[in-house]
4 protein chains.
Amino acid sequence: MAGGEGGTSRRRFEERRQRRIARRRSEILAAAARVFADKGYANATTKEIADAADIAEGTLYNYFGGKREILLAIAHEGQAPIEALLQDATGLQGREDMIALVERGYDVFVSQLPFMRTLLLEAWLDDVIFQDFVLDRFQRIGELVGAYIAQRIEDGGFRPVDPALTTRMVLGMFISTILPLLRGTAPPPSHERRHALAEAVVDLLLDGIRVRQD
Amino acid sequence: MAGGEGGTSRRRFEERRQRRIARRRSEILAAAARVFADKGYANATTKEIADAADIAEGTLYNYFGGKREILLAIAHEGQAPIEALLQDATGLQGREDMIALVERGYDVFVSQLPFMRTLLLEAWLDDVIFQDFVLDRFQRIGELVGAYIAQRIEDGGFRPVDPALTTRMVLGMFISTILPLLRGTAPPPSHERRHALAEAVVDLLLDGIRVRQD
Amino acid sequence: MAGGEGGTSRRRFEERRQRRIARRRSEILAAAARVFADKGYANATTKEIADAADIAEGTLYNYFGGKREILLAIAHEGQAPIEALLQDATGLQGREDMIALVERGYDVFVSQLPFMRTLLLEAWLDDVIFQDFVLDRFQRIGELVGAYIAQRIEDGGFRPVDPALTTRMVLGMFISTILPLLRGTAPPPSHERRHALAEAVVDLLLDGIRVRQD
Amino acid sequence: MAGGEGGTSRRRFEERRQRRIARRRSEILAAAARVFADKGYANATTKEIADAADIAEGTLYNYFGGKREILLAIAHEGQAPIEALLQDATGLQGREDMIALVERGYDVFVSQLPFMRTLLLEAWLDDVIFQDFVLDRFQRIGELVGAYIAQRIEDGGFRPVDPALTTRMVLGMFISTILPLLRGTAPPPSHERRHALAEAVVDLLLDGIRVRQD
DNA sequence: CATGAATGAGTCTTCATTCAT
DNA sequence: GATGAATGAAGACTCATTCAT
């Protein structure tokens with residue numbers, strides 16, 4: 001009886017269920033990312049994760065296959081904002097564009113801090129994380145920035161540097177400026193501070209610190 | 001009877017014993033550094049360390065109070081070469097001096113790779129390691145480089161940048177260039193390669209990548 | 001919906017859970033007391049305790065913080081019956097009262113044998129156990145018996161002996177009579193036997209063994 | 001050459017060697033008894049024993065087959081003074097004889113404290129120690145005292161008590177009076193104190209505490 | 001004989017995962 | 001689906017005993 005409606009209501013129920021599951025997964029991931037960021041994957045216990053997510057330990061296993069799968073899901077989750085950033089990163093032209101891009105990079109790290117911290121930490125040890133979630137993106141950024149630099153060298157705007165190496169160094173400069181945040185020894189920088197940091201990075205990249213002698 | 005000789009032979013014996021102990025401690029530390037560098041402190045087992053050092057598990061405890069003490073000894077061990085480098089780092093003048101200094105920095109990392117890798121990895125999580133063995137040195141480097149930059153700004157050689165921030169970014173650039181080595185995805189660079197890397201770092205620092213437009 | 005009933009059912013569930021936990025704790029304590037009584041705390045392994053309690057080793061740690069905490073819980077557990085006995089021990093008058101009291105003392109030891117055996121054994125070495133769980137009660141017994149003896153001396157019923165020393169000796173007599181049981185070389189005495197032992201203790205205390213010569 | 005003298009000197013050497021060995025064994029036993037008395041056999045380490053005896057750990061094994069053998073030797077060592085006491089204990093007659101005997105009992109405990117403490121402690125757990133070194137002597141004491149009591153009952157001097165049980169209770173009284181010393185919570189009693197204690201024990205045994213009503 | 005470093009079996013404890021309720 | 005107690009494999013550490021020097 002009420003077959004059609006039954007189907008509709010069942011579908012609605014199913015949708016709501018799916019949303020509830022997705023929401024719960026996200027909550028768990030956010031909690032786990034905080035714990036992993038704080039103590040590292042190896043030192044974190046499933047009990048701590050469950051407590052942070054305010055659920056029972058066993059419930060974790062209804063949403064994830066195990067501790068490691070949670071880590072992989074976190075790594076996966078951390079990809080989206082970087083992907084978005086990479087999408088917009090085409091068509092760099094001048095200093096202002098570059099500054100804006102670096103600022104957006106800061107935004108990603110600030111808004112996703114536990115994810116990023118976990119990702120970078122575990123990539124240091126875990127080859128799967130490193131290959132699939134860090135190296136991969138790093139190479140895409142490398143291609144992007146490298147291509148830009150190569151093109152600017154071609155048109156005479158940049159010195160004939162090694163594009164890949166320079167990309168690497170820019171990223172090093174970038175990361176170094178938010179290292180205290182990643183390490184947890186400093187609070188997130190204000191928007192003004194982020195802007196100033198971005199300017200410093202871009203200006204050092206473009207002009208170095210030496211005063212023009214000519 | 002033969003008191004004097006007895007004393008001498010006992011002293012010699014004692015010296016030899018001390019040397020044997022020191023040597024064994026070093027062997028264990030080197031083995032442990034390799035294991036820690038490979039799997040991280042938390043994932044490394046005392047059995048693995050013992051196997052790597054080719055001794056029995058219990059023997060570890062004749063030389064160190066426990067796993068954590070081994071880690072601290074590694075952190076301590078890694079300080080000497082950096083201290084030496086810092087001693088020599090005064091009196092930077094021009095580009096060549098700076099390149100030489102950066103090259104020596106590479107030498108330290110290359111020759112002490114497992115120690116450095118372990119140190120940087122664990123400092124990420126362990127506040128004691130971070131404070132006592134990383135932040136401390138980092139601040140000394142910061143003072144050194146920062147003072148140099150500030151002085152060069154004063155005499156008009158450098159643009160009026162933030163010395164502390166710039167120091168941080170230089171270190172970021174430096175580290176980024178040997179990251180593949182630290183991460184274990186690349187072999188140690190040749191001396192030529194190290195020289196080229198050092199030049200790239202210093203030139204980027206001094207002049208940036210932009211071609212003079214005037 | 002069904003809020004009240006939900007609350008009630010949850011509360012009932014919670015109560016049942018608490019009872020289950022308490023029961024399990026008691027089972028573990030009883031098993032551990034048997035093992036400790038048999039081999040001593042230091043020689044007992046957590047594996048043996050777990051086996052005696054018919055649970056896995058790890059389960060112990062869901063109920064107690066560790067091996068030593070189990071020992072302390074045993075010591076604590078053994079206090080209740082002695083406290084109860086001390087409550088009733090006021091108002092001794094004549095020989096019959098005293099015999100009844102000694103008999104109740106036997107009952108405590110017989111019914112709590114592993115607990116008492118463990119307690120006395122470990123108090124011999126462990127200062128915490130000794131101070132908090134044995135000396136304390138011993139002093140209370142001492143005060144009680146000592147006060148009684150002192151009063152009877154006053155009213156001329158007893159010789160002018162040292163009350164504290166006499167109390168100590170009575171306890172020595174008492175313990176000596178169930179030593180084979182405590183040591184595990186004899187089965188628990190029957191009620192008749194306990195009565196006879198109690199009479200022997202009290203008569204020796206009151207009259208000694210010498211026939212009146214006058 | 002010098003064959004005869006060689007034999008003599010070898011014999012002398014051998015005797016001296018035997019004495020040296022015996023002396024060293026005694027030193028080790030005394031040290032071990034102190035350690036065992038303090039922490040118990042199970043909690044004492046061979047390292048602690050060696051340190052207490054001021055020798056190296058390995059040297060222990062030149063004199064004893066192992067830790068347990070040291071314990072057995074201690075138990076054995078503790079027997080001699082008690083044997084001596086038992087030899088002299090025949091021919092008790094009156095109150096004074098008994099007091100003197102009890103005093104000698106105190107002397108044995110005071111002079112051999114670590115041995116006695118170790119012996120009683122380990123006999124509580126170790127069946128071999130208990131059977132061979134404690135029960136055995138206890139039974140001999142029991143026969144001696146029991147026979148005396150039985151005889152005095154026969155001749156009308158004592159009430160018709162159970163000789164074995166009474167013996168047990170006397171020993172309980174005796175032990176109880178030096179329990180603080182054995183437990184380590186009181187210093188050895190002075191000679192005067194020992195005499196007073198012995199009088200208290202014997203008087204309680206003979207006359208109890210009740211004032212004669214006749 | 002004395003020494004003390006080396007050994008590895010044995011112990012307590014933790015924790016990811018399972019599963020009955 | 002949620003819960004959390006039960007599990008047992010694994011890990012850090014101890015210590016009696018051995019043995020090369």
Side-chain angles (χ1 to χ4, degrees), chain A residues 17 20-21 24 41-51 53-70, chain B residues 10 13-14 16-17 20-21 24-25 41-50 53-70, chain C residues 10 13-14 16-17 20-21 24-25 41-50 53-70, chain D residues 17 20-21 24 41-51 53-70:
Chain A
R17 184 176 153 276
R20 204 179 52 229
I21 290 179
R24 198 51 94 80
Y41 175 77
N43 297 115
T45 68
T46 49
K47 175 115 185 28
E48 285 168 327
I49 298 171
D51 285 351
D54 204 30
I55 57 175
E57 223 176 332
T59 307
L60 286 179
Y61 292 81
N62 290 335
Y63 293 91
F64 298 95
K67 193 185 170 192
R68 181 165 173 81
E69 199 174 283
I70 295 177
Chain B
R10 170 168 295 194
F13 179 79
E14 183 59 23
R16 205 175 296 179
R17 185 175 155 273
R20 203 181 52 230
I21 291 178
R24 196 51 93 84
R25 272 183 66 102
Y41 175 76
N43 296 115
T45 69
T46 49
K47 178 92 174 50
E48 286 168 329
I49 298 172
D54 204 31
I55 57 176
E57 216 175 336
T59 305
L60 284 182
Y61 293 84
N62 291 339
Y63 293 90
F64 297 95
K67 193 184 167 191
R68 182 169 173 80
E69 200 174 280
I70 295 177
Chain C
R10 170 167 297 193
F13 178 80
E14 182 59 23
R16 205 174 298 179
R17 183 175 155 273
R20 202 182 52 231
I21 291 178
R24 195 52 89 85
R25 274 184 64 104
Y41 175 76
N43 295 116
T45 69
T46 49
K47 179 91 175 53
E48 285 168 329
I49 298 171
D54 204 31
I55 58 176
E57 219 175 335
T59 306
L60 285 181
Y61 293 84
N62 291 338
Y63 294 89
F64 297 94
K67 193 184 167 192
R68 180 165 175 82
E69 200 174 279
I70 295 177
Chain D
R17 183 175 155 276
R20 206 180 50 228
I21 290 179
R24 197 54 93 79
Y41 175 76
N43 296 116
T45 68
T46 49
K47 174 114 186 32
E48 286 168 326
I49 298 170
D51 286 350
D54 204 31
I55 58 174
E57 222 175 332
T59 307
L60 287 179
Y61 292 82
N62 290 333
Y63 293 90
F64 297 95
K67 193 184 169 192
R68 180 165 174 81
E69 198 174 283
I70 295 177

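Remember, predicted model here, so these are calculated numbers, not experimental data. Naming convention: chains lettered A, B, ... in sequence-line order (proteins, then strands); numbering from 1 in each chain.
When each of D/T46 and B/T46 is assigned the nucleotide of DNA chain F bearing its nearest heavy atom, the one mapping closer to the 5' terminus is B/T46. Toward the 5′ end of DNA chain F lies the nearest nucleotide of C/R24, the other residue of the pair C/R24 and D/G65 mapping further downstream. Taking the nucleotide of DNA chain E with the nearest heavy atom to each of B/G58 and C/N43, the more 5' of the two is matched to B/G58. Checking C/K47 against D/L60, the closest nucleotide of DNA chain E that is more toward the 5' end is the one next to D/L60.
The minimum heavy-atom distance linking D/N43 with C/A42 is given by the pair ND2-CB, 3.7 Å. Nearest heavy-atom pair across A/Y41 and A/K67 is O-NZ, 2.9 Å.
Checking the phosphate oxygens (OP1, OP2) of F/dT14, no side-chain nitrogen or oxygen of B/Y61 falls inside 4.0 Å. Side-chain nitrogen and oxygen atoms of C/T59 include at least one within less than 4.0 Å of the OP1 or OP2 phosphate oxygen of F/dT7. Checking the phosphate oxygens (OP1, OP2) of F/dA12, no side-chain nitrogen or oxygen of B/R68 falls inside 4.0 Å.
With distances taken from any side-chain atom of A/I55 to the nucleotides F/dC13, F/dA16, F/dT3, the minimum falls on F/dT3.
Atom CZ in A/F64 sits roughly 14 Å away from atom P in F/dG1 (whole-Å rounding). Across the protein-nucleic acid pair, A/R17 atom CZ and F/dA2 atom P stand 10 Å apart, rounded to whole Å. One interatomic measurement links the two molecules: CG of C/N62 to P of F/dG4, which rounds to 12 Å at whole-angstrom precision. For the pair A/Y63 OH and F/dG1 C1', the computed distance is 7 Å after rounding to whole Å. In this structure, the CD atom of A/E57 is 16 Å from the P atom of F/dT7, given to the nearest Å.
Here the CD-CD1 distance, from A/E57 to A/I49, works out to 9.0 Å after rounding to the nearest 0.5 Å. One finds the OH atom of B/Y61 at 10.5 Å from the CD atom of B/E69 (value rounded to the nearest 0.5 Å).
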- Query: Where do A/R24 and A/N62 land on the side chain to side chain contact (heavy atoms under 4.5 Å, CB included) test, with the steps shown first?
  - Reply: CA-CA 10 Å; A/R24 198 51 94 80; A/N62 290 335; over 6 Å; no
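If you check every strand for non-hydrogen atoms under 4.0 Å, C/R16 touches nothing. Within the 4.0 angstrom heavy-atom criterion, only backbone atoms of the sugar-phosphate kind lie near C/A44; the bases stay farther away. Using a 4.0 Å heavy-atom distance criterion, D/A42 is classed as making no nucleic acid contact. Counting non-hydrogen atoms under 4.0 angstrom, D/R20 reaches the backbone sugars and phosphates but no base. When heavy atoms are screened at a 4.0 angstrom cut-off, B/T45 is found touching the sugar-phosphate backbone but no base atom. Among the protein residues, A/I21 comes within range of the sugar-phosphate backbone only, with heavy atoms under 4.0 Å from sugar or phosphate atoms but none that close to a base. Residue D/G66 is classed as a sugar-phosphate contact, given heavy-atom separations below 4.0 Å to backbone atoms only.
Nucleotide F/dA12 has E/dT11 as its partner under the Watson-Crick or G-U criteria, with both atom distances under 3.5 Å. Pairing for F/dA6 is with E/dT17, a Watson-Crick or G-U wobble pair whose two hydrogen-bonding atom distances lie under 3.5 Å.
Nucleotides of DNA chain E with any atom under 4.0 Å from a heavy atom of chain D span, from 5' to 3', E/dC1 to E/dG4.
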